[in-house]
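Below: the structure, in structure tokens.
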Amino acid sequence: MHQPPLRRPLLTIAIAAACGTVLAPFPSIALAQNASADDAETGQQLDTVTIYGTLPSRYEGRYADTALRIPKDIAEVPRTIDVIPEQFLLDQQAREMADAFRLSPNMVVGDGFGGSREHTLIRGFNRNDNIYRNGVPSGNASRVDPATIDNVQIIKGPVADIGRMSPGGIVNIETKQPQFQREHSVSTTFDEHGQRRGVIDLTGPVGDSQNLAYRITGAAEDSDTFRDTTVDRQFLSSSLLWQGDSGVRIGLNHEYTRDRREVDRGLITVPTGASRREIADVPFDTRYDGDIPNERDSEVHLFELDVTIPLANPAWEIDNKLFYSRETSEDIKAEVASVGPDSGLPDDVLARRVINNRDQEIVHRFARSQLIGEIDTAIPMRLATGVEYREYNQEWKNFSGNIQAGGTVSNPDSFSLVNDIGTPSRAQFSDASIKSYGVFSATEFSLTDTLTLDLGLRYERFENDYHNENLLTGVTTDLDSGRMNKLTKGLGLVWETTPGLNLYISYADTFEPQNIFFGDQRVIEQNPSEGRQVEAGMKWRSADNRYFITGAIFDIREDNVVEFVNGEPVPTGGITSKGAEVSVAANPIDGFNVRGGVGVLDAEIDSDNDATDGNRPRNVPKTTASLWASYEFQNPESALRGLGIGSGITYASNRYGDNTHSFELGDYTILDTGLWYYLPVGNGNRLRFDLGVKNVTDEEYIVASGGNTRISVGNPRTFFGGIRFEF
């Protein structure tokens, strides 16, 4: 079975081709050092080659480098990993990460605090903190700016050497890194509802250096949406990469994000009797926050340091990472607390209140040191082992105004809400933290030329602390979970049955501490939830590399999940999730690319609570599917060279809006289409023009439910455009 090197090249012709740049003679450091004097004397010069096309397979990713301890082709990994490259997001004109998430089978987005943060459900498990960045839990509560994305890696199921994570999986965002080939681009996108966004991306060597490279990526957005909400976002990422002649690599990155957007709670549901509800029959642009200022303002500073040191044996290196992020935010919003009979009011009358979170600060610290290498024995091994430290601290003040009755479901503005947050009925200060220390190892054994065994282990020690103060009464509560330990284990077997066809089976378990943000000692004192997954599948790549197909079946269970039953937190049982999924990335002929997937899922709550036992978890569909195909004319003699057209469809079956199944969200089928044109400008420069339509059929659909009064709606038919200059 093919084993890739520990480190991938910094520069490849494929990367340059993907960007349509000019390939001029630019030897790597190693080649420059080994060039002979004879070559210099001959004066031999390669011709400059201008490439206007893109990668032959523009929608396929082969590696998930930062998500794996041991870098390898994902075809040789005994679990499902979907890699969505930047080119796919560019062709689809992705505005937010949610546009990428829906492309993976058995994955949908959640409410995300009114659309202000990333929130995913993977294989039926609902977590809003499963977003990683370059292999590190991001820890932030804001949106990820797409400008920084090189590719999105969706890792399904638990990973034993990561340890603490959702049993459904994680999303790892691999950010753009400095390159030693100059690549510059400036772009802008816009749509009919008021999106206005600009991005700049610059990378290359510092001066004429062959050791030091930089990357600067910036974005600015001042946008409106069809629901008359606004987005005001600025983003700047600055990176340096130094590579010494001995192979030492040092990478330094700082990111700054300022994100101001309205917390859009969407529509509401109304009671229909017999404990049933339905989504209010109102226009999809109906707002329920009145004239109250409705905004979340967040600021994030992020620092990342990577130091890789090769050892005397070239097969070994020490990889070190330090990560620090600090997010500050405030928000104010008016929310519907209940409707009509829910609060003893006449039918359709709203009960609303103003809520304010102030002085919120989230600090995340992460450190890792790991030894990576190969052992050439009777059974060759590749090993990554090391230690990690993770600390997450969040503090905030929460204020709630008084309940205000008035306005109706169909005419909420018939009553003027009062901003009474200065005289709150509830005021709390909370400070929560989670600290953990982990020792891990991931080992790959090459049992034969065609059989590989993967083992993963992690021992983690963690503790939770919580402090709460009632700012109105002065009463304080301090909770401490005490120190707890957990060992997670994983095993995977990959068999290359024939060249290009791999079969695999794997097992892994995981855990998660109980949620400390409720501030309930009875919750914190519960043992952690525990998850495990068994997965079997196949990965096939055609001999000409034009087709890559993966398929998997899986069985996941999470135990010791705490629910509130009659007001008491009880470890009622858990969630089971069984399903299958198939994905394909294909390039049947030059210029024609296809990516699609289908997932089926049987997720069920296993609970002592009769109201939810046997039900499917909220927001989880039984079936998801997506397909995107594009064709770009690439014949240099054709008058249509550089013209591309793409179209895609996304489907999700019916979902429930809560765990008691009191209302449904319905299914949706969304059709998108677009075209683009590359226009050569000068020597190797080019312009790209984009035009397209999202939700061509103008379907009204529900994205997700955050509760009875928080129903996120999808965008209507939207015409968009874009211009990108690459130089």
Side-chain angles (χ1 to χ4, degrees), residues 82 84-86 88-123 125-133 138 140-149 151-154 168-173 189 191 193 195 197 219 221 223 225-227 229 231 233 235 257 259 261-266 284 296 595 597 599 618-621 624-626 628 648-652 655 665 667-672 674 692 694-695 699-706 710-716 718 720:
D82 291 332
I84 302 172
E86 181 195 15
F88 202 178
L89 304 181
L90 177 62
D91 287 356
Q92 288 208 323
Q93 287 294 298
R95 176 173 177 171
E96 297 285 2
M97 290 292 298
D99 294 325
F101 296 153
R102 65 179 183 170
L103 303 174
S104 182
N106 290 321
M107 183 173 183
V108 293
V109 298
D111 166 69
F113 195 62
S116 63
R117 65 180 61 169
E118 309 296 352
H119 186 182
T120 65
L121 294 88
I122 306 176
R123 289 184 171 176
F125 292 88
N126 179 17
R127 297 291 295 181
N128 61 5
D129 60 353
N130 58 4
I131 307 296
Y132 282 54
R133 179 190 178 279
S138 66
N140 295 329
S142 298
R143 288 285 194 178
V144 176
D145 195 296
T148 190
I149 298 172
N151 63 81
V152 180
Q153 304 161 3
I154 302 168
I170 61 172
V171 175
N172 182 54
I173 296 168
T189 56
D191 68 28
H193 299 300
Q195 181 199 17
R197 175 175 167 83
E221 181 173 358
S223 298
T225 75
F226 85 100
R227 285 181 51 79
T229 62
V231 177
R233 175 166 59 182
F235 170 81
T257 305
D259 192 301
R261 66 178 70 215
E262 295 183 52
V263 180
D264 183 9
R265 290 303 202 181
F284 268 33
R296 182 177 187 271
R595 182 176 180 127
R618 75 175 183 183
N619 290 323
V620 176
T624 55
S626 67
W628 178 271
I649 190 169
T650 305
Y651 170 78
R655 298 141 294 149
L665 304 180
D667 60 1
Y668 61 79
T669 303
I670 308 301
L671 176 65
D672 300 329
K694 292 182 180 292
N695 192 4
E699 177 165 344
E700 291 189 339
Y701 67 102
I702 302 300
V703 174
S705 166
R710 299 186 295 274
I711 309 299
S712 299
V713 299
N715 292 323
T718 303
F720 67 84

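Note that these values count all heavy atoms, side chains included, but never hydrogens, waters or copies made by symmetry. Keep in mind that what you see is a predicted model, and the values were worked out from it rather than measured.
In this structure, the salt bridge (charged side-chain N to carboxylate O under 4.0 Å, His left out) partners of Asp145, at least two apart in sequence or on a different chain, are Arg197, Arg233. With sequence neighbours excluded, the residues forming a side chain to side chain contact (heavy atoms under 4.5 Å, CB included) with Val109 are Ala98, Phe101, Val703, listed by chain and number. Remark: Glu86 pairs with Lys176 by the salt bridge (charged side-chain N to carboxylate O under 4.0 Å, His left out) rule, at least two apart or across chains. For Arg143, the salt bridge (charged side-chain N to carboxylate O under 4.0 Å, His left out) partners are Glu118, not counting sequence neighbours. Considering only residues two or more places apart in sequence or on other chains, Tyr701 meets the ring-ring contact (aromatic ring centres under 6.0 Å, His included) condition with Tyr668. For the salt bridge (charged side-chain N to carboxylate O under 4.0 Å, His left out) test, residues two or more places apart in sequence or in another chain that qualify with Asp672 are Arg102.
The minimum heavy-atom distance linking Ile84 with Ile154 is given by the pair CD1-CD1, 4.0 Å. Tyr651 and Thr669 get closest at one heavy-atom pair: CD1-OG1, 3.2 Å. Between Ala100 and Leu89, the shortest heavy-atom distance links the atoms CB-CD2, 3.5 Å. Nearest heavy-atom pair, Ala219 versus Ala147, reported as atom, atom and distance to 0.1 Å: CB-CB, 3.9 Å. Annotation for Glu699 and Ile670: closest pair CB-CD1, 4.4 Å, computed over non-hydrogen atoms. Summarising the geometry of Arg227 relative to Phe284, their closest heavy-atom pair is NH1-O, 2.7 Å, with the distance given to 0.1 Å.
Atoms CD1 and CG, from Ile711 and Leu665 in turn, are 6.0 Å apart once rounded to the nearest 0.5 Å. Between atom CG of residue Asp111 and atom CG of residue Asp264 there is a gap of 9.0 Å, rounded to the nearest 0.5 Å. Residue Ile122 holds its CD1 atom at 7.5 Å from OG of Ser104, rounded to the nearest 0.5 Å. Between the CG atom in Asp191 and the NZ atom in Lys694 there is a gap of 9.5 Å [rounded to 0.5 Å]. A distance of 9.5 Å separates CD1 in Ile173 from CD in Gln153, rounded to the nearest 0.5 Å.
Looking only at side-chain heavy atoms (C-beta outward), Val171 and Val152 come within less than 4.5 Å of each other. In this structure, Val108 and Thr120 have side chains that are not in contact, with every pair of non-hydrogen atoms separated by 4.5 Å or more.
In this structure, the side chain of Thr718 engages the main chain of Pro716 through a donor-acceptor pair within 3.5 Å. Looking only at distances, a side-chain donor or acceptor of Ser138 sits under 3.5 Å from a matching main-chain atom of Ile131. Although no hydrogens or angles enter the test, the distance criterion places a donor-acceptor pair under 3.5 Å between the side chain of Thr624 and the main chain of Asn106. The closest donor-acceptor contact from the side chain of Asn715 to the backbone of Asn695 lies at 3.5 Å or more, if one exists at all.
Looking at Ser142 and Arg296, their side chains do bring a donor and an acceptor atom within 3.5 Å of each other.
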Report the C-alpha distance between Glu96 and Arg261 in whole Å, list the side-chain angles of each, state the deciding distance to 0.1 Å, and finish with yes or no for salt bridge (Lys or Arg N to Asp or Glu O under 4.0 Å). CA-CA 13 Å; Glu96 297 285 2; Arg261 66 178 70 215; 3.3 Å; yes
Taking it one step at a time, do Gln92 and Leu103 satisfy side chain to side chain contact (heavy atoms under 4.5 Å, CB included)? CA-CA 11 Å; Gln92 288 208 323; Leu103 303 174; 3.7 Å; yes
Check against side chain to side chain contact (heavy atoms under 4.5 Å, CB included), Asn126 and His119: CA-CA 8 Å; Asn126 179 17; His119 186 182; 2.6 Å; yes
Starting from the C-alpha separation in whole Å, work towards a yes-or-no answer on side chain to side chain contact (heavy atoms under 4.5 Å, CB included) for Asp82 and Arg595. CA-CA 11 Å; Asp82 291 332; Arg595 182 176 180 127; 4.0 Å; yes
Could you walk me through whether Thr189 and Phe720 pass the side chain to side chain contact (heavy atoms under 4.5 Å, CB included) test, one step at a time? CA-CA 7 Å; Thr189 56; Phe720 67 84; over 6 Å; no
